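Model, not experiment: these values are computed from the prediction.
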Amino acid sequence: MKTQILIAALFFGGLVTAQQKKDSLKVNAIDAVNIKKQVFKKQGDRLVYDVASSSIAKGTNTFNLLKQTPMISSIDGKTLKILGKNDAVIYINNKKTNMDSEALIEMLKSTPSEDIQKIEVITVPGSEFQVESKEGVINIVMKKSKNNGYNGTLKMQNEQGYYNNPNAGASFNFRQGKWSGNSNFRTGSWTDRQRYTLSNGDSTFKNESFGFNDDPNKNFGGGFNVDYEINKKHSLGFSYNMRYNKSFNSVLDITNWQNGVLNNRTVNNEDAQTRNHSFNLNYEMKTDSLGSKLTANASYLWFNRDKVSFNESFPLTNDTINKYSALHQSVPQIINNYAANIDYLKKTAKGATWLMGISYNHTNTDNDTKQDKLIGGDFVIDPKQTNHFIYKENILGIYLNYERKLTEKISGKIGARYEMTRSTGEILEKTGFERNYNNLLPYLNLNYAINSDHNLSYTFSSRIRRPRFWELNPSRTYFTPTNYTQNNPFVLASKFYNQELNYMYKNAFYANLSFNMVEDASASDMLPLQGTLTTPERDKNGNIVYGPGGNMIMRTTRFLRYIRTNYGKNRELALTLGMNKSWFKDIWTTNYSVNLGYVTYKGGVWEDPTSQLGQYESESLDPYIIDVKNYNMSATINNTIRLSSKKDWFLGVNYFFASQTAMEGGMIGARQSFDLSLKKIAGDWTIVAEVSDLFNQSFYSVRGVQPNGKYNNITNFNYPRLMSIGVTYNFGNQKLKKAREMKSANDAVKSRT
């Protein structure tokens, strides 16, 4: 309770201070200056953060700058959230970035903040954006200059968590006449360390597992973008991005207890490699002096992940049921995507804007999973878990937007996106399916500028969420022989309906009320299904064992199977109150937000569509009932304090808190994170020292109980406290214009890899 009171006092204290009456001529003059160089404002369907006018934008990188941007937060240093809940899709100069998520974060961390003109936050994107579910868009607008020359950035960072994790990167930009381009390269190594505590069962049975996972990674990646201005109306560009990640000798070591008795130990050794190559060809033609233009893209994406593992289970007691067991598994995935799109943006002399376009995506995934198990001293193929899954998907999209200013105070934007999806999935020689569906996805935004101090807007959008390709691959990942995750090729796309009401006061304080509905919802995390499997007892050679009466001896084992599948529907009502303001002549900059939410989840899972039973086998699955209603809150408090008049020393003090939050899989425990940073700017050099989650409080813990008494508890401690030191050097002409960023036709597919 003390935490909530402190958060409320900090937030509303700033609001009261900002609204105090100013009755001296001197203060009124200062107010006029502040309004003129306002750094945060509402424009149409987006909130704009004018980085060039902000004092905190000097000497940092783009990722850290985004974390200080109103409505954006990150508590793990790897992902960005909008309003504390929505995933963020990154655009640069209105073009979606053309790389996988990890490479994108590294690129943002290596891009100097001085290159940024403004950041636009679009909480409910229009029909022209390729987003899914309730994703929001962050559009980064780069500074522009016509100067010829080159510049670049060199960066080295060392991060200390449970292990030491070094990384380095470089970027280079050039412009000469009609040619411009940029390139980047990143490399690093890190080892993820996680500690697990798992427990499940009911009043008659209790299973507990304790263990750890060490996952070493080495990676490198990069790309380049070249743009040629044929003439003032025509431009041609080409881009290429790649990433390679190697994770060899990953170890998962789990010790299992049943009903308080030491049972067995499972050790899983895994080697994995990921390769990603993407190409994009872009053509742009300006059709008039008002800004109208035609844009065309053709893209190709190749994604490959190879994973092999060896899982062993060692009995730690002398009972006859738990015996030594082992299995080999190979889970490769190859994705090929071909895409193209054409956009036409038409601006009229009366200030209206039309945007129309068509896009096409063809994706083919190949998943040839092989698994064998130890029988009679030899490894033999497990026919139930060995499968070759081919998935093909074709998506044709047509979209149209119309935007204009209706009066001096009222503006609006209306649009729709029509998508036709044709897909087939086949587990060769076993089963298959075909899914054909059409979706009309409308969009509406109305903005009312009441006066210079008050702005009100309403937005409605409809979206779908297609399953990620790895979610469809029908393979398992084992914790123990009876505790594992199971992917589901039969999961359906979910339908999202998003509404939002936004109010802004003096371009510094805002309130955001949102309501989201989801049909055919699938869990954000996998659902824990418990049950029993009855199989014939077999001897060491794999033969069925018969009793004295000639009857088969049957063996019953309990299992816990995590699966992602459709369960029903959910609703979410959320209110966000926020403030972004500088105090004492920009010495102290604050970015505070409080999120209040109410969620309901309704539905259930009564059968497992992935079950594969052999002869004489039977399975009994306990129904998983979802009937959740929950209030939750979170708060983000970011402070940047300028320590010197020369603007070369800065102190960052940040705090994040999230209360208990109910999800489909159970109640997630409260989390909090206290972060400190110290930054020194010395000419072209920037040195940053940071401590993230100083008290190790931001880790994952979930408690789930079913109406029948079945429970499942998980604690995943990932050693969140990180200490890092980074050094960045900027060289060359820092006012160099960036190369034209180009949209990729297969952007929507990349996030699903």
Side-chain angles (χ1 to χ4, degrees), residues 1-8 11 71-76 78-88 123 133-136 196-199 465 494 496 498 500 512-518 521-528 562 564 567-578 592-604 624-637 654-674 693 695-707 711-718 720:
M1 188 64 185
K2 290 181 179 179
T3 301
Q4 288 89 331
I5 293 173
L6 174 60
I7 292 168
F11 179 81
M71 295 190 175
I72 302 176
S73 61
S74 175
I75 62 171
D76 58 6
K78 300 176 181 178
T79 57
L80 293 164
K81 296 285 186 180
I82 296 178
L83 296 173
K85 54 187 176 65
N86 299 349
D87 290 332
T123 54
S133 59
K134 56 181 182 179
E135 293 173 335
Y196 292 96
T197 301
L198 314 170
S199 64
R465 182 197 183 275
S494 302
F496 284 73
N498 309 315
E500 180 182 282
N512 185 286
L513 180 65
S514 64
F515 179 63
N516 302 306
M517 302 171 56
V518 186
S522 59
S524 54
D525 258 333
M526 292 186 167
L527 299 177
Y562 295 92
R564 181 174 281 103
Y567 66 84
K569 59 186 179 181
N570 70 54
R571 306 289 185 264
E572 181 179 13
L573 180 66
L575 173 65
T576 300
L577 302 174
Y592 297 169
S593 66
V594 176
N595 305 290
L596 308 173
Y598 175 71
V599 295
T600 64
Y601 303 93
K602 188 76 173 179
Y624 190 85
I625 306 302
I626 300 174
D627 188 7
V628 176
K629 298 178 181 179
N630 174 251
Y631 293 93
N632 59 78
M633 70 88 64
S634 65
T636 301
I637 298 174
N654 303 324
Y655 177 71
F656 170 81
F657 171 80
S659 68
Q660 291 190 104
T661 304
M663 299 295 288
E664 301 94 333
M667 184 71 72
I668 300 175
R671 294 174 296 161
Q672 57 184 327
S673 176
F674 180 70
D693 198 1
F695 301 111
N696 268 333
Q697 294 295 304
S698 182
F699 59 90
Y700 184 80
S701 178
V702 63
R703 300 288 182 268
V705 181
Q706 285 286 288
Y711 67 89
N712 178 60
N713 302 327
I714 302 171
T715 298
N716 178 14
F717 185 76
N718 59 350

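- Between Phe674 and Tyr655, the ring planes lie tilted relative to each other; the angle falls in the 30° to 60° range.
- Between the side chain of Ser698 and the backbone N or O of Asn696 there is no donor-acceptor pair closer than 3.5 Å.
- Summarising the geometry, atom OH belonging to Tyr567 is positioned 6.5 Å from atom OH belonging to Tyr601; distances are rounded to the nearest 0.5 Å.
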(message) side chain to side chain contact (heavy atoms under 4.5 Å, CB included), that's the test. Do Thr197 and Phe717 meet it? Break it down for me.
(response) CA-CA 9 Å; Thr197 301; Phe717 185 76; over 6 Å; no
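- The shortest non-hydrogen separation linking Gln697 to Gln672 is CB-O, 3.1 Å.
- In this structure, Val702 and Gly665 approach most closely via the heavy-atom pair CG2-O, 4.0 Å.
- Taking NZ from Lys602 and CD1 from Ile626, the interatomic distance works out to 10.5 Å, rounded to the nearest 0.5 Å.
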(message) Does Lys569 form a side chain to side chain contact (heavy atoms under 4.5 Å, CB included) with Val518? I'd like the steps, not just the answer.
(response) CA-CA 5 Å; Lys569 59 186 179 181; Val518 186; over 6 Å; no
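- Between Leu596 and Leu573 there is no side-chain heavy-atom pair separated by less than 4.5 Å.
- Side-chain contact between Arg571 and Tyr598: absent, with no pair of heavy atoms (C-beta onward) separated by less than 4.5 Å.
- Here the side chains of Tyr562 and Ile714 are in contact, with some heavy-atom distance below 4.5 Å.
- Remark: the backbone N or O of Met633 is paired with a side-chain donor or acceptor of Ser659 at under 3.5 angstrom.
- Phe657 has its side chain out of reach of Ile637: every pair of non-hydrogen atoms, C-beta onward, lies at least 4.5 Å apart.
- With hydrogens and angles disregarded, a donor-acceptor distance shorter than 3.5 Å links the side chain of Asn498 to the backbone of Ser133.
- Between the CZ atom of Phe656 and the CG atom of Asp693 there is a distance of 10.5 Å, given to the nearest 0.5 Å.
- Side-chain contact between Asn630 and Gln660 is absent, with no heavy-atom pair separated by less than 4.5 Å.
- Separation of atoms OG (Ser514) and CD (Glu572) is listed at 6.0 Å; rounding is to 0.5 Å.
- When each of Ile668, Val628, Leu527, Val599 is paired with Met663, the side chain to side chain contact (heavy atoms under 4.5 Å, CB included) condition holds for Ile668 and for no other.
- What you find for Ala521 and Ser494 is that their closest heavy atoms are CA-OG, 3.7 Å.
- Rounded to the nearest 0.5 Å, atoms CE (Met667) and CG (Asn713) are 12.0 Å apart.
- Here the closest non-hydrogen pair linking Asn716 and Phe699 is O-CB, 3.7 Å.
- There is a side-chain donor-acceptor pair under 3.5 Å between Tyr700 and Asp525.
- Remark: Leu575 CG to Leu513 CG distance equals 6.0 Å, nearest 0.5 Å.
- Here Thr123 pairs with Met71, Ile82, Leu83, Val121, Glu500, Asn512 under the side chain to side chain contact (heavy atoms under 4.5 Å, CB included) rule; sequence neighbours left out.
- Residues Glu664 and Asn570 are in side-chain contact: their nearest non-hydrogen atoms beyond the backbone lie under 4.5 Å apart.
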